[in-house]
Amino acid sequence: DSNPYGSAALGNGSVLVADAAANDLLHVAPDGTIETVAVFPRAPNVLFGLIGGPTVQAVPTSVKIGPDGAWYVGELRGFPFANPSHIWRIEPGSRNVHRAIGATSGPCIDWATGLRHVVAIAFDTDGNLFASQFGPGPGIGLPGSLTPGSVARVDSVTKAVTVVYTGLEEPGGIAVDND
């Protein structure tokens with residue numbers, strides 16, 4: 001399966017593609033050659049034993065080039081949508097990286113967590129990351145499943161997550177300007 005959900009131009013004619021169906025980040029060269037940058041495998045399910053089986057998918061939904069030149073990937077977690085989402089930081093030029101939850105070194109680190117259902121990311125001029133979240137609560141049929149979407153800010157230094165706006169109905173993107 002493939003679902004090219006998010007993309008970022010690299011400036012040399014190449015494009016990074018967040019493939020939400022295959023759970024990976026791809027590099028597409030100008031000649032159409034496709035290489036796997038990173039694979040986002042299943043993660044433990046916080047609701048193990050209740051519904052959804054023992055693991056959930058890590059679904060990459062967005063990719064941006066950060067102010068430091070690194071590649072940042074936002075994700076949401078698969079059904080039952082109760083696991084926290086992560087923001088991954090990948091060293092430019094990386095290929096065939098497999099990420100690990102909590103990784104703090106290597107070509108792919110767990111840069112920030114504590115978000116929910118990340119569908120898009122963007123950076124401000126201070127290097128803070130903003131994420132649109134489809135909804136902060138658990139998935140369909142679970143308590144809190146009707147919670148609204150929101151925008152969260154991830155501090156560039158502390159990685160603290162703060163919800164800065166809520167009440168959105170099914171947000172699908174985000175853009176940040178100088179204000």
Side-chain angles (χ1 to χ4, degrees), residues 2-28 36-40 43 57-78 81 83-94 97 99 101-104 106-137 139 147-179:
S2 184
N3 179 10
Y5 198 85
S7 63
L10 292 175
N12 60 3
S14 298
V15 178
L16 295 172
V17 177
D19 187 342
N23 299 333
D24 57 19
L25 179 66
L26 304 173
H27 176 271
V28 182
T36 301
V37 172
V39 177
F40 303 92
Q57 294 185 39
V59 181
T61 56
S62 48
V63 58
K64 290 288 185 233
I65 311 305
D68 60 355
W71 305 339
Y72 290 80
V73 177
E75 66 164 26
L76 62 78
R77 293 298 176 139
F81 309 111
N83 286 57
S85 295
H86 298 256
I87 303 295
W88 303 97
R89 182 187 181 278
I90 302 170
E91 288 294 324
S94 295
V97 172
R99 66 99 175 113
I101 294 173
T104 58
C108 182
I109 64 168
D110 191 348
W111 188 77
T113 190
L115 299 123
R116 292 280 189 199
H117 315 309
V118 173
V119 292
I121 58 175
F123 287 92
D124 69 9
T125 55
D126 294 326
N128 300 303
L129 182 140
F130 287 81
S132 66
Q133 303 180 106
F134 197 71
T147 54
S150 62
V151 173
R153 176 183 178 268
V154 181
D155 185 272
S156 64
V157 176
T158 67
K159 309 304 179 278
V161 175
T162 305
V163 173
V164 295
Y165 190 84
T166 191
L168 300 174
E169 186 171 328
E170 301 177 0
I174 192 166
V176 178
D177 69 11
N178 292 336
D179 293 336

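Side-chain atoms are counted along with the backbone in the values below, which use heavy atoms only and exclude waters and symmetry mates. Residues take their numbers from the sequence shown, with the count starting at 1.
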Undergrad: Taking all non-hydrogen atoms of both residues into account, name the closest pair between I87 and G74 and its distance.
TA: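 So the minimum-distance heavy-atom pair works out to CD1-CA, 3.8 Å.
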Undergrad: Taking all heavy atoms of P60 and all of N23, pick out the closest pair and write down the distance.
TA: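 Closest heavy-atom pair between P60 and N23: CD-CA, 3.5 Å.
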Undergrad: What's the shortest heavy-atom distance between F123 and G66, and which atoms?
TA: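 Result for this residue pair: CE1-CA, 3.6 Å.
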Undergrad: Give a yes or no on whether the backbone of G6 and the side-chain of S62 come within a donor-acceptor separation of less than 3.5 Å.
TA: no
Undergrad: Output yes when a side-chain donor or acceptor of N128 lies under 3.5 Å from a complementary backbone atom of S156, and no otherwise.
TA: yes
Undergrad: Give, for atom CD1 of I121 and atom CZ of F130, the distance between the pair rounded to the nearest 0.5 Å.
TA: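 Rounded to the nearest 0.5 Å, the CD1-CZ separation comes to 12.5 Å.
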Undergrad: Check whether any side-chain heavy atom of H27 sits under 4.5 Å from a side-chain heavy atom of L10, and report yes or no.
TA: yes
Undergrad: Taking D19 for its side chain and L25 for its backbone only, find out whether a donor-acceptor pair lies under 3.5 Å.
TA: no
Undergrad: Quick check against the 3.5 Å criterion: does T113 have a side-chain atom that pairs as donor or acceptor with the backbone of S85?
TA: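 Yes.
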Undergrad: If every non-hydrogen atom of S7 is compared with every non-hydrogen atom of V15, which pair is closest and at what distance?
TA: CB-CG1, 3.9 Å
Undergrad: Under 3.5 Å, is there a donor-acceptor pair between the side chain of E75 and the main chain of H86?
TA: yes
Undergrad: Does any non-hydrogen side-chain atom of L26 lie less than 4.5 Å from one of L16?
TA: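 In short, these two side chains do not touch, never coming nearer than 4.5 Å.
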Undergrad: For the residue pair V73 and V37, establish whether any side-chain heavy-atom pair is separated by less than 4.5 Å.
TA: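 Not touching, per the 4.5 Å side-chain cut-off.
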Undergrad: Minimum heavy-atom separation for F40 to I90, with atom names?
TA: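 Result for this residue pair: CZ-CD1, 4.1 Å.
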Undergrad: What I'd like to find out is whether the side chain of R116 reaches to under 4.5 Å of the side chain of P84, using heavy atoms alone.
TA: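 SC-SC contact between R116 and P84 confirmed.
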Undergrad: I need the L76 CG to Q57 CD distance, nearest 0.5 Å.
TA: 10.0 Å
Undergrad: Does the pair D124/R153 count as a salt bridge with the N-to-O cut at 4.0 Å?
TA: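 Judged by the 4.0 Å cut-off on N to carboxylate O distance, D124 and R153 do not form a salt bridge.
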Undergrad: For the pair Y72 and W111, name the ring-plane relationship: parallel under 30°, tilted 30 to 60°, perpendicular over 60°.
TA: perpendicular
